[in-house]
Amino acid sequence: MAIALKDLNDVQRQAVTSAKKRILILAGAGSGKTRTLTYRIAHLINQKKVKPTEILAVTFTNKAANEMRARIAQLLNLEIKQLWIGTFHSIFARILRIEAEQLAVNRHFTIYDTDDQVNAIKKVMSSLNIAQQLHSPKMFQAKISQAKNRMQQPKDLERNTPDIFDNLLPEVFEKYNHFLRENNAVDFDDLLLLPIEVFDDHPAILEKYRKKFKHILIDEYQDTNKAQYSLVRRLVFDKNFIYVVGDEDQSIYRWRGADISNILNFNQDYPDAQIFRLEENYRSNSLILEGANGLVVHNRERLGKNLWTKKSKGEPITVLDSENENDEAKRIVEYIHNEIFTRKRSFKDIAILFRTNAQSRALEDELRRNALSYVVVGGVRFYERKEIKDVLAYLKIIANPLDGVSLRRIVNFPLRGIGDTTVNKIEKHAEALNISLLEGMGRVKEIATISSGMANRVTEFYELISKYRALSQEISAAELTSSLAHETGIISHLKNEYDQYESESRLENIYELFNSIEHFSREREKEGRDGSLIAFLEEVTLMSDIDSLDDSKNAITLMTLHSAKGLEFPVVFVTGLEMGLFPLQRNTAEPEELEEERRLLYVGMTRAEENLYLTYARSRRKYNTTVATVPSLFLDEIPAATIQLDLNQTSDRSQVKNRRQARREKIMDYFRQEDESQANDTPYTVGSMVYHETFGKGKIVKLEGHGEKMKISVRFEGNVSKKLIAQYANLTTLEISE
DNA sequence: CTTTATGGTTTTTTT
DNA sequence: AACCATAAAG
C-alpha cells in the first residue's frame, strides 16, 4: 500500500518523491521540514524498496530522532528497528564502538562530558606545572574544543604568539589527548574526529559504510560543523544519495563551530544538486511572521527567502516594558492569566524563552507564587547534578576500569579517609609500573610510604569495585546501581549530610536515576537494541536538555532560545530584550556574532503560533549590582506595523514613534560606550609581567572592568597576590622573558 | 595526612 | 549551587 502524499503541498511532494541524488531543501521556519523528511524516508522504504538498514538519518536531538522514528513507523504501519537515526554524536559513537579495534581506545570507552574534560585538563596542567590560578582550565577546555571543531591538531596551532596562554595551548592539547587515550576515554569532539581518522586510515572501512548507507539524510544542516561536514563528504560517494534540510536563518551554533557556509555552499560541493524551497509557513499568524521576516532581513549572510502564510493577520506582537526583572516576571504572569482565563489556553500552550539560564530564576519565583505549573528545560541538568554524577562515576569505573577521572571522583566519596596525597602516591606507583590507577590501588601494599592502616582502606575500596565489576556480569544494571548506592553509603550520606528538604530532593533524584536505568534497559531490550550499562552511560552523556522534556505534562515551558529550536507553541514570551543581554554583550562587537543573535531572536519569534510577547526591563540585576539597561536594537528592527505596545497602557501611534526615537538614541549611546571602553584598553594582558614599587615583580592573573577603573589581580614573587586598581597601581609592564 | 569550615568566585548558548 | 584555596583542628 502506498503512503498517502495528500497531506503534502506541491513542493513538499516533489521534494519527497524526487529521484535526484543530491538534494538540498531550504525550509523556512514552520514550513513542514520535519514532515518532508519523515515522508521522504517512508517513501524510500515503501515505494523505492530501500531497506531500512541502508538509510542513515541525522537529526539534531535524540528526541527528534525518536519522534521521527515513531512517525515513520506509523506511516508505514510497521516497526523499523534497523533504521539508523540519531544525532551525529550518537551515530558515530555507535560506529566507533563497532570499529574500536582500529583505535587507541577499546570498545568500552567512556565519553567525557565537559565537566570530566575540565578534570582531565586539570590533571594535565598539574603534570606540566601550569598553575590553575594563572590559566583557567575551563579556558583550555574551550580552546581545545574549538580547535577540534575546526579539525585542528596540536601541531596545527601557532606556538610563538605574544600570548602566554596560546603558547601553552598546543602542549596542553597534546597531553590532554594522550591522557584521554590512557583513560580509555573520548570527548564529545572525538566522537566525530576519531571516525574521520578511521575512515582515512582504513579505506575498506569507509567503503563498508558507503555501501551500507545508500541514503544519507540530514536535518538542521545549517548547524553542522567542519568535522560533521567532513564525515558527510567522506560517506557520500558516487552511488550515495544525500538529502539535506536546513535554514540558514536558523543557524544558532556558530560559537560551537557550526559553519553556515556548509549550507550556503551545498551546490558547489554537489554541482548537480536539486534545490527545493519550502516557503509556506503553516505555523504563525501573518503579523508574527511579518515581524520575524522584517527582523531577519537585517542580516547580510543569507540566501534570502520569502516566507509567507495563508493564515490571517491575527494579533500584533506585544512589547512589554517593565521596571526590572521581577516586574518583568509579574507582567508576564499578568498576561499568562489573561491567556488562560479569557482566551482559555492551557499551561502547555505557553512557553517563556530567555537568552541565558540565569534569567529563569525571577520567572520561576513569580510563577511559583501564583501557583502556575511550569517545567524548566535544562538549567542544572539532571545528569549533571552532583549526587547523580557521583553514582554515575561508580558505574563508569565499573564499565571502564581505565577511567581515572571517574575513579578520582569517587575514591573518597563518601568519605573513607583516602585523601589526595595517598591517591597521588598510588598514581606515581602505577605510572612507574605502567598500570592503571585502579590496578595500582589493588597493589597499594607495595608502596612503602603508605601506612598499613591507609593501605587497608584502599584495599577495601579496591575490593568493593572488583566485587561490583564481577556482579555487573550477573545482575541487571538497575539492580547493580541500587545495590551499589546502598552498600557504598551514598544513600545514608545523602540522608545525613543535608537538611531535610535538600536531602529529600537529592534522594528523589537518586531514585529517579534507578528508574531511568530500569526503564532504559527494558525499552532497549524490547526494541532488540543494546541495553547494557555502557549503552546507558552513553545515552545519558549524549542526552540534550530538550531530550528530557516530558511534554505530556500540562505546564508552562521555560527554556533557553537554543533549546526551543524545532518547537512550537500557541503563546510565546521572549524575555530580556536588552542590549548586552539579548544581543549578549560579548556578541555585539563582531557583525557575524550580532547576526547570530538576530537569528536566535528570529528562531524565538517563529516558535509562536498565535500570540507573541517581547519583553524587556529598564534595569536588571547583574551579579550583585543593579544596572540600567537599554532596550535591544532588535526591537527597532521589527516593523512597527506588526507591533503593539502593552495593552494595559493607553498609547497612540505618535507615542509609539516617540518611544522608538528615544530607544534609538539610547542604542547609539550604548554602542558609543562600547567603543570607548574598547579604545581605552590598557596595555595590560593576563599573563604578562609587571613591576610594582613596593611588591616587586609579578604576573597578571586577572583583569576586571575597563579603562582607569580596571581592577588588576597580580601574583607577585613570593606568592603574594594583590588586587589593584589600574588608575592608582602605577605598574610598569615588563618584557616577557622566556 | 585528612577533614572540615570559611569565604570568594563563578555563567552564554550545548553535543 | 558547586567549586576552589586556605587554614586550623583531629
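Every chain is numbered from 1 and lettered A, B, ... according to where its sequence line falls, protein lines coming before strand lines.
Nucleic acid contact class of Lys425(A) (heavy atoms, under 4.0 Å, all strands): sugar-phosphate only. Across all strands, Leu415(A) comes closer than 4.0 Å only to sugar-phosphate atoms, never to a base (heavy-atom distances).
In this entry the distance linking CZ of Arg599(A) with P of dT12(B) reads 20 Å, nearest Å. What separates CG of Asp420(A) from C1' of dA5(C) is a distance of 13 Å, to the nearest Å. Across the protein-nucleic acid pair, Lys123(A) atom NZ and dC4(C) atom P stand 13 Å apart, rounded to whole Å. Regarding Lys63(A), its NZ atom lies at a distance of 16 Å from the P atom of dT14(B), rounded to whole Å. As rounded to whole Å, 12 Å separates atom P of dT4(B) from atom CZ of Phe413(A). Rounded to an integer number of Å, the gap from CZ of Arg457(A) to P of dT3(B) is 8 Å. Rounded to an integer number of Å, the gap from CG of Asn357(A) to C1' of dA1(C) is 14 Å. Between the CD atom of Glu596(A) and the C1' atom of dT14(B) there is a distance of 12 Å, rounded to whole Å.
Checking the phosphate oxygens (OP1, OP2) of dT11(B), a side-chain nitrogen or oxygen of Lys138(A) falls inside 4.0 Å. For Lys565(A), no side-chain nitrogen or oxygen approaches OP1 or OP2 of dT14(B) to under 4.0 Å. The phosphate of dT14(B) (OP1 or OP2) has no side-chain N or O of Arg254(A) nearer than 4.0 angstrom. Contact annotation: Asn119(A) does not reach the phosphate of dC3(C) (side-chain N/O to OP1 or OP2, under 4.0 Å). Neither OP1 nor OP2 of dA2(C) sits under 4.0 Å from any side-chain N or O of Lys389(A). A close approach under 4.0 Å does occur between a side-chain nitrogen or oxygen of Ser563(A) and OP1 or OP2 of dT14(B). Between Thr61(A) and dT15(B) there is no side-chain polar atom (N or O) within less than 4.0 angstrom of OP1 or OP2.
A salt bridge links Glu387(A) with Arg506(A): at least one charged nitrogen is closer than 4.0 Å to a carboxylate oxygen. Note on Glu460(A) versus Arg457(A): no salt bridge recorded, every NZ/NE/NH1/NH2 to OD/OE distance being 4.0 Å or above. A salt bridge is defined here as a Lys NZ or Arg NE, NH1 or NH2 lying under 4.0 Å from an Asp or Glu carboxylate O, and Arg361(A) with Glu325(A) fails to meet this definition.
Closest approach to the Arg506(A) side chain among dT15(B), dA2(C), dC1(B) is made by dA2(C) (side chain taken as heavy atoms from C-beta onward). Out of dT13(B), dT3(B), dT15(B), the shortest distance to the side chain of Arg355(A) is found at dT13(B).
For the pair Arg256(A) and Tyr253(A), the cation-pi test (distance below 6.0 Å, angle within 45°) is passed. A cation-pi arrangement, defined by a distance under 6.0 Å to the six-membered ring centre and an angle within 45 degrees of its axis, is present between Lys565(A) and Phe60(A).
Stacking is found between Trp255(A) and the pyrimidine-like six-membered ring of the dT13(B) base under the 5.5 Å centre-distance and 30° plane-angle cut-offs.
When each of Lys123(A), Arg409(A), Lys396(A), Lys122(A) is checked for a salt bridge (Lys or Arg N to Asp or Glu O under 4.0 Å) with Asp116(A), only Lys396(A) meets the rule.
With DNA chain B read from its 5' end, the first of the two nearest nucleotides for Ser145(A) and Met454(A) is the one closest to Met454(A). Map His562(A) and Asn412(A) each onto its nearest nucleotide of DNA chain B; the residue landing nearer the 5' end is Asn412(A).
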